[in-house]
Amino acid sequence: MARRHLLIGGGPGAIAAAEAIRGADGGAEIVVVGADAHGYYSRPGLAYFLAKELPQAGLAPFTPQDFARLNLTSLTERAVGIDPAGHRVTLEGGRELAYDRLLIATGSTAIPTRVPGAELDGVVKLDDLDDARDIIRRSGAAKGAVVVGGGITALEIVEGLRAHRVRVDYLMRQDRYWRNVLSESESRIVEQELRSEGVRVHHFTELARIIGRDGRVVAAETGDGTQIPCDLVAIAIGVRPCIELAKAAGLACGRGILVDQYLRSSAVDIFAAGDVAETRDPVTDKGTMEVLWHSAVLKGRTAGLNMATEPVHAYEKGVPLNITRLAGLKTTIIGTVGSGKDADLEGISRGDSQTWSELGEAVLVETKNGNARIRLALAGRTIVGAVVMGDQALSFPLQELIEARADVGGIAASLQAPEAKVAKLIDSFWHEWTARRA
Ligand SMILES: Cc1cc2nc3c(=O)[nH]c(=O)nc-3n(C[C@H](O)[C@H](O)[C@H](O)COP(=O)(O)OP(=O)(O)OC[C@H]3O[C@@H](n4cnc5c(N)ncnc54)[C@H](O)[C@@H]3O)c2cc1C
């Protein structure tokens, strides 16, 4: 009899698992239960949708034909209970679905602020398409907004609001933007770009309370009692994995659902993938969270393969990578590039990997040409991380060199020399290295 795979979620973790299952077992039954009525779409793309650079239709990673090929049953509903012993899942409407193998890929959700006034109409977040549409709708009438938080999402909201001509005050608790990933000069470039777009950047400024009238936001009050009149307060202080279902079902959880190298949870026949899965780093032996699209795909693919066959395919975390845009500047972040904790975030932010801020004793090399920057983290004979801001010519070469742990010992000293032509050195090294490997 065909094996029934039930996948909870509808994002890249679940859909990549469905692709892997279908690839391995043409006869399997695949049922996807997803709570988002908009189905499968690109969440990283929401920033561009918000900034009016991409229509809603441009967010779809799949065509209807792609879905038809997967031959799956898709249910738009919320799963509310899992019975691991009985191999059953209960849906919000009361229906029960049996499974042979279950995947939990419920993603993560924005951490709400705890300040007074958080419940007022006009307090917004950016988790999904409905949130993006809500911000756009409100932007039509809004004059001013206060954005609170760190990481990529805060910046995406700031830029989206500016694209809709809303005045923006951006509050940061610390002295600069995204302190634990960017260098000081990278943070300053981002902030300078924001200021040139008319954003008022406030350092060392905390949101103390949100003031309302008739249930609607009218101002945000900062720690020193200053009141900033506004119609919107956007909160982007990090995300937390949606582990409630798993916890209630008795699955072992840390920050996420604890999984082994095969993405198996502590319960028989239940796997987890995507933002919600907490994997173990084989090198540090520490639990690691990643809130990255590509990582969700990789985890989903591995889990799906193991569900359809036998759990023999280990998840290979790879080097975390994000190619994003920070205040209009195309930026690639690879490997480990920063350290410490970002006081503007509780936990991890979207588009972020814990690995990025776990830099050990690496030597940092930074080179600039106007707003174009390259920063390398060198550990012994390898490059363990890089930030490429602006000109992206070296984004791909550095991804390859870092991923392959290429031995750059021969140019390590030259890279660290004063006035080193870092871009040139990397470019020629990469060409030679590629030719040697061919
Ligand atoms: C605004 C924004 C910007 C981002 N930027 C980047 C970026 O620049 N680069 C990058 O790599 N990543 C970025 N990300 C993160 C990336 O989108 C996520 O890492 C990825 O989508 C995670 O995939 P997932 O399948 O684990 O979960 P998700 O894509 O979150 O999907 C989970 C789905 O499960 C559904 N669900 C939850 N609970 C239930 C339930 N009980 N029953 C049924 N369905 C349920 C949810 O409705 C959701 O549709 C961004 C995300 C956002 C929101």
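As the structure lists them, so they are numbered: ligands from 1, and atoms in each ligand from 1. We number each residue from 1, following the sequence as shown.
Proximity to L245 (heavy-atom distance under 4.0 Å) selects the following atoms of ligand 1: 41 (N). Interface atoms of ligand 1 facing E77, defined by a heavy-atom separation under 4.0 Å, are 43 (C). Residue L126 has at least one heavy-atom neighbour below 4.0 Å for each of these atoms of ligand 1: 1 (C), 53 (C). Of all the atoms in ligand 1, the ones that sit under 4.0 Å from a non-hydrogen atom of G107 are 26 (O), 27 (O), 30 (O), 32 (C). Numbered from 1 in the order shown, with element, the atoms of ligand 1 that lie under 4.0 Å from a heavy atom of D36 read 47 (O), 49 (O).
Looking at ligand 1, you'll find an N or O of R43 within less than 3.5 Å of one of its N or O atoms. The distance criterion of under 3.5 Å between nitrogen or oxygen atoms is met by A35 with respect to ligand 1. Polar contact check, A296 against ligand 1: no nitrogen or oxygen pair lies under 3.5 Å apart. The N/O atoms of L292, backbone and side chain alike, include one that comes under 3.5 Å of an N/O atom in ligand 1. Distances between N or O atoms of D275 and those of ligand 1 include at least one value under 3.5 Å. Note: an N/O pair closer than 3.5 Å links G13 and ligand 1 by distance alone. Annotation: D127 places no N or O atom under 3.5 Å from an N or O atom of ligand 1; distance criterion only. Below 3.5 Å of separation, one finds no N or O of H294 facing any N or O of ligand 1.
R162 and E197 are not joined by a salt bridge, as no carboxylate oxygen comes within less than 4.0 angstrom of a charged side-chain nitrogen. A salt bridge does not link R101 with E29: none of the charged nitrogens is closer than 4.0 Å to a carboxylate oxygen. With respect to the salt-bridge test (charged N to carboxylate O, under 4.0 angstrom), the residues E191 and R188 qualify. Salt bridge annotation for R138-D121: present, with a cationic side-chain nitrogen under 4.0 angstrom from a carboxylate oxygen.
Nearest to atom 5 (N) of ligand 1 by heavy-atom distance, out of P44, A14, G151, G9, is P44.
For the residue pair Y177/D344, the side-chain donor-acceptor check at 3.5 Å is not satisfied. With hydrogens and angles left out, the side-chain atoms of D128 and H38 include no donor and acceptor closer than 3.5 Å. For the residue pair S185 and E366, a side-chain donor N or O sits within less than 3.5 Å of a side-chain acceptor on the partner. D100 and H5 form no side-chain donor-acceptor contact under 3.5 Å, judged by distance and modelled atom types alone.
Not a single heavy atom of V276 sits under 4.0 Å from any atom of ligand 1. The shortest heavy-atom distance from G10 to ligand 1 is under 4.0 Å. The shortest heavy-atom distance from G34 to ligand 1 is under 4.0 Å.
At a 4.0 Å heavy-atom cut-off, ligand 1 touches N322 through the side chain alone. Residue contacts with ligand 1 for E290 are absent, since no atom lies close enough (heavy atoms, distance under 4.0 Å). With a 4.0 Å heavy-atom cut-off, ligand 1 is reached by the side chain of I8 but not by its N, CA, C or O.
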Give the intermediate values and the outcome of side chain to side chain contact (heavy atoms under 4.5 Å, CB included) for residues S74 and L72.
-> CA-CA 6 Å; S74 180; L72 48 79; 4.1 Å; yes
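Residues passing the ring pair (Phe, Tyr, Trp, His ring centres under 6.0 Å) test with H313, sequence neighbours excluded: none.
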Side-chain polar contacts of residues 142-151 - donor-acceptor pairs under 3.5 angstrom, sequence neighbours left out - could you list them?
none

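No option in L7, L75, T73 other than L75 meets the side-chain contact (heavy atoms from CB on, under 4.5 Å) test with V33.
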